[in-house]
Amino acid sequence: MEQTKEIRREMTTIIRGKSRDGQLIQREELLEELVKQSLLKSEDIHQGSQFESALQQVVMENKDIIQLSGRNGICNYYSSLSLSETYAGILVRKEEDSLIAEIVRENSIIYPRPVPVNMFTQPPFELTEKEISDCLEKMGKHGDYQDIAEATTSAGTVFLYSNKYLDPIHAAMLAEWIDVGGVNNP
Amino acid sequence: MTLEKEEHNNLGMTVKLPDLGLIFSRRDFLFITGVMAVASTALDVWGEKGAPLIIIDHSKGLVIGDPTKCVGCRRCELACSEFNDGKASPNIARIKVSRNLHFGSGGVHTGQRGEGTWGNGLVVQDVCKQCPHPVPCANACPHDAIVLAPLTNARVVDPEKCVGCKMCLKACPWEMISFDSDKNKATKCFLCDGDPKCVAACPSEALSYVSWRDLTGKERPRVVPTAVVSPSKAQTCNDCH
Amino acid sequence: MAKPGGWAGKVLRVDLSTGRIFTEDTIEKYRDFLGGTGIGYRVIWDEVPAGTKAFEPSNRIVFGVGPLAGTGAPCNGRTAVTTLWPTCWPKQLVASGHMGGHFAAELKYAGFDAIIIEGAADRPVWLQVTDGKAEIKDASRLWGQGIRRATVEISQQMGPEACVAAIGQAGENLVPMSVVMNSYSHSAGGVGGVMGSKNLKAIGVRGTGSVRIAGKREEWEKAVNFHLSLLGAVNQHVVPNSPQPWAEYYGPTRWLASKGRKWGSAAPSIETGPCDPHNLNRISYRTNSAAFFLGEKAWRYTVRGNGCSGCPIRCHTVLKVPSVSSKYGISEIGQNTCVGLLFGRSFFKTFPDGPKGETAIEACMVGMHLADDLGIWDNYGQMQRDFQQLYYSGVVREKLGGEEFKGYSWDRYEAGDPSFLFDLLPKIADKRGELATSLGLGTGYHLERWGIPEKDWQQDPSVAYWKMGHPKHHSSEDAGQCGVIINTQYNRDAQCHSHSNFTHNGLPIQVQKQLAVDIWGSPDAVDAVAAYSPMNVYKAKMAKWSLLRKELHDSLSLCNWMGPWVASPLRERNYGGDDSLESLLYSLATGDRKSRQELDEVAERIFLLHRALTVRDMGTKEMRIKHDTIPDWIFLDPGGKASFTPGTNRMDPEDMKVAMDMYYEEMGWDKKSGTPTVKAYQRLGLGDVADELTKIALVP
C-alpha cells in the first residue's frame, strides 16, 4: 500500500517536472524513470499491472495530469499547470504529417489569420526547411490538404492558410499586414 | 530582542546565543551574537568565565545585483520606498540605481564612454554590503542607533534613537545610507526582514537575495569615509583586540 | 497643509521675458484637470488667445505630469508637453507631445506637477529645477550644440542624477519638425521649435523628494502587484509571438520572448525564455522592440531593454552594432523604440540586402545617432513617407534646381546607403537649402510651399496622410470605424492606442468579442482585422472610451502606449484585465476616491476642453465638415474590393456618416455640426468655457 502511494507520488512528480521543462512524457519513459528509481520493474507495463493501475489513478486523482494520445496510439502525459493544451497538442503531433495543415487550419479558424511558413522552423515545431518543403509538397498532392493555400507578401515571406476558413483575399491582406504593415504602423 | 535562542547560521551550524544584557551594560555599543563564534580568552566582562565570546556578527543574507540584467526601471527603489515608507522616493531607497542610471558609477565625467544609459548600457545596482564587524555605519553612530534586526541580523536604523546627525552617511564607503528629510532620520537596508521588496519587484531577475558573503574588501568604495569613531567606542575595540 | 497624495502640489511658472518665476498650488487650481494634458489645455484656454502662433512669445509650453508620475504604478513615465502645434496646418492649434524617460518622475521628486513656460528669453538660456527651486541659466555655450552635448554639460553642473530635457540644433533653428528629448532616447515631437522660439535650450531637473501615497501601504502594494499581474508585453499584447509552453494562444504580437531568443549583446548573453505571465520577475524580457521592428537579426545586437521610470515593459531597446563605429564613425550603441528606431531606415525604399538585412539596421543606427542629437522629429514617419513620395515621383528634382539637387548623392540614396543620411539630416536641422527646409516644415506647410494640393496626399494610401499636416495613427486598419473616428479628433496624429492595443492583443476574435461585451456592452463593438461590419453604436462607445482613456492616461501619467489594461495574459481571468484599474490607482495614490465612471467624467472634461480650444482657435462651429475630416483613401481599396467584405480596410462614406452621427451622439454634441453644446460643457463642469464660446457664437 505504502509502495503504490509512493509510486503515484513519484509519477506525479516526474510528469510535472517534464512539463515544467516544456515536454510531454510517454508511458514507456515514465516506467523507465520509475524503474531507475527501483520503484518498479521494467516488465510491469501490461494491462492490469501495478504501473497501469497507478497511472490510471494518478490521472484520476490529479486534475492537472492529462493523458494525451497521438495518432500513433502512444500515450503521453503532461501537467496542465505548466503546459497548455495548445502546446501539448503541438508536441504530440510533432511527428505527424498532418501537423502543419492542422496548425494552419486552427489559426485560420480561431484568430483568424495566416501563419508564416518559417514559424514551423521555430520551437516547439523545430522542423528543418527541407522537412517543411517536403511536407508541403506531399500536401499539395494529397486530397486531404487541398484547402491549404499560400500567400506571399511584398517582402517575399510565404504564409499558409486554409481557404476553407479564410477568404484568400483576406488571408493575403492579413499576411501583408503581419509581415510588413504592422512594422510600418508602430 | 531575543536574548537566548538557538539559531541556524549560514553554515548550517547551530550556535548558542548568549545573554546580551551584560554586554550592553558594560559597553556602549552593540556586540551582538551571530554566526562566527570566537573562542574567548578569559575575559571576565563576559560574566561567565570561559563562555564562548561571540563578537562578530553579520547578516544572514545579502541582496546582490546583476548589472548585465538591470533594465534601469527603478522599480526596486520604488518598491523599497513605497512599500516600506508609503512614499515613492528613490532618494531614500536602500538600493541605489538612479545614481548610476545615466552615466554609470564613474559619474558624468565619463561623458558617453562610461556605463549607464549614456555609456555602454550597463546599470550597476548599489546594494548594502551588510558589513561584518566592525560595521562602519553602526560604529560611527554616536547614539548607537544602528542596531541588529532580529530576523536577518542586518543592521537597521532604530528611528527612536536616530537624531539625524548623518554621521552614518559619512561613514559608509559605498554611500548606502539614505536620509529621509521628511522624518529627519537616517535609514538603511534591513533586508525587509528577510523578504526584500526590491528583489520581489525586479522585472528582469536582476536582483537576488542570497546567503551573506563578505563583499567589503571586494567592491570599490564610492567615497572615502569621513566619519570618526568616538574615543569611548575606540576603547571597546582595545578590550578585544 | 499636509502634503497631498500623488500630486507634488506645486506648479512651476516661468516667464522667460521677465525672468519671473513663481509657483501655483496644483490642487487648488488644476485638480479638476488632474495633470498632464489636463493642465496643458487649461493653461492654453485661460492664457493663450485665439490666433496666437506657435513661435510667438505669448504661446505657452506646458510640461505636465500627473498624480501617478514618479510612483510605483507601472507605466507612469510619460510627460505631456502641451502647446500650440507648429506643424498643425493651416492654423497652429493646440496639441500635445509625449516623452517618456525619467523626466516625469524627477519633476515630481523635485516638487512639481508641471512647468509652464511663457514669454521668450532675450538670449539662450536653460532652466535649472532643483528641489522646489528654479533658476534661469545662461546657455550661450550650449547653443549650437546637439542634445547629447547639452545634456552632458548640464549633467556636469547638476550631477549625474539630473534628468535633462534638451533641444538640438533643429529646435534652436525653429524647425517645426523638431523634438525635445530626455534620458537619451525619449522625445516629445513637434515642440523643439517652440522651446527654440523661447530661447530655451533645456530644462534640467533634479529632485530628492518623494511622492506620497495616500492609501494604506499594503493596499497600494496589492494594487501595484495586481496591475503588474495584468501586464502583457509592449502595447499590452497579451499573447506571445510564438507557441509557449504556458500559452493557450499565440500570434504575431510584440511579445517576442521565447526559448532560443537572446539578448545577444549582453555580456554574457541572456535568454529571454518562455516568460510565463505569472512570473512578474521576467516581465522585462517579454518585449524586444528592435527585434520586432528590425527583424530577427536584431536579437544578436540587443544589449538590454530600456524605458521609463517605473515601467517594467522596456519598449526601448539598447543595441550594440560594432560595425557602425568603423563604417560611419558613430557610437556602436544606440537605442530607441518604434518610430525612433526606424527613423533612418524609413527614408530608403530599398537596401542592398533587403528590408530586414544588416544595412537596414545600420540605417537605423545612423538615423538615431543623427536625429536624436540634432533633435529632428519625423511626425510618425510622415517625413520619410513624404520624402520617398516626392523623390520617386520626380518632384524633388523639379523643385530643387540643378545645383542643390546635385549637392545630394542620390546614387547612394537609391542604393540604400545609410551614409546618405549624413547629407540630409544636418541640413534639415540647419534649414539649409530648399529640400531640407521644406521637409522641416511638416507636411502641411511643405505641400503648401511646393504648391501641392493636400488632396493629392489624401488620395494616396501609401503616404498614410490624414489631415492638417499629420498622418493617420491607428485608424481603419486597426479598428475600422472606431479607428477612423479617433483619427478625426486631434490637431496632429491621434496618438491614441486604447483601441489598437486591444485589436492587436493577439487573442482570438471570439475571446475579444467576449471581452467587448463587458467593456462596451456588445460583442459587435469589435470585428476581426480587415473583416469589418457596418457601423453600430457599440463601436461609437468604444471610440469614446478610447479617446477618454487616452486623455485620462495623458493626465494621470499612465502610458497610453501600454494601457488601457482591459485584456490580460491570464487564462484564469478569461483574458480579462480591469477597466477600473486607473480609478484604483488614482484613488489610492491621491486619497481622493473616484469610481471608474467619475474618473472617466474627468477625462471627458479634459477631452472636451481640447475640443473647445479647437473650436475657439479655428473660429468655427462647423467642426464636422471643417475639422473632423476623413481622407479619401480611407474609402478606397487598391484591389477595388467593396467595403465590409473580408480582406479590405475600405470604409464606406455613408456608413462613416452614420458612424460620426453615433459618435457625436455618444459625446452629447450637436450631430449636425459636430460641435459641443452648452449643455455638454455644463454637464462636465465647463460652464465658464460655454459662456465664453457663447459670447463669440461658437456653440450650436
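Each chain gets a letter, A, B and so on, in the order its sequence line appears, and its residues count up from 1.
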Minimum heavy-atom separation for [X] and [Y], please, with both atom names.
X	Y	value
C/Gly209	B/Ser89	O-OG, 3.2 Å
B/Lys87	C/Arg212	CB-CA, 3.9 Å
B/Gly121	C/Arg304	O-NE, 2.5 Å
B/Glu205	C/Asn279	OE2-ND2, 3.7 Å
B/Ala200	C/Asn281	O-ND2, 3.0 Å
B/Asp182	C/Ser210	OD2-OG, 3.6 Å

Distance, nearest 0.5 Å, that separates [atom1] of [X] from [atom2] of [Y]:
X	Y	atom1	atom2	value
C/Ile270	B/Asp66	CD1	CG	6.5 Å
C/Ile333	B/Thr117	CD1	OG1	10.5 Å
B/Ser204	C/Arg282	OG	CZ	9.0 Å

Heavy-atom distance under 4.5 Å to chain B: side chain of [X], backbone, both or neither?
X	result
C/Leu228	side chain
C/Arg148	both
C/Ala69	neither

Heavy atoms only, distances under 4.5 angstrom: which of [options] has the most pairs with chain B? Name it, please.
options	result
C/Gly77, C/Ser185, C/Gly305, C/Ala105	C/Gly305
C/Thr208, C/Asn306, C/Val152	C/Thr208
C/Val303, C/Ile283, C/Asn225	C/Ile283
C/His102, C/Glu106, C/Gln335	C/His102

Just wondering, do [Y] and [X] contact through their side chains at under 4.5 Å, heavy atoms?
X	Y	answer
B/Lys69	C/Trp263	no
B/Asn91	C/Tyr109	no
B/Asn120	C/Lys320	no
C/Ser155	B/His102	no

Under 4.5 Å from any heavy atom of chain C - which part of B/Cys76: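 Neither part, no heavy atoms under 4.5 Å.
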
Which portion of B/Phe103 sits near chain C, non-hydrogen atoms under 4.5 angstrom: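 Looking at B/Phe103, just its side chain touches chain C.
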
Note: B/Glu82-C/Lys222 ion pair, threshold 4.0 Å (strictly below):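 A salt bridge is absent here (no side-chain N lies under 4.0 Å from a carboxylate O).
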
Residues, nucleotides or ligands: over 12 heavy atoms within 6.0 Å of C/Arg149 CZ: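 Count not over threshold, so no.
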
Heavy atoms from other residues, nucleotides or ligands near NZ of B/Lys185 exceed 12 (cutoff 6.0 Å):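 Result for NZ/B/Lys185: enclosed.
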
Given 3.5 Å as the limit, does a donor-acceptor pair link the side chain of [X] with the main chain of [Y], or not?
X	Y	answer
B/Arg74	C/Gly72	no
C/Arg217	B/Asn84	yes
B/Thr68	C/Ala266	no

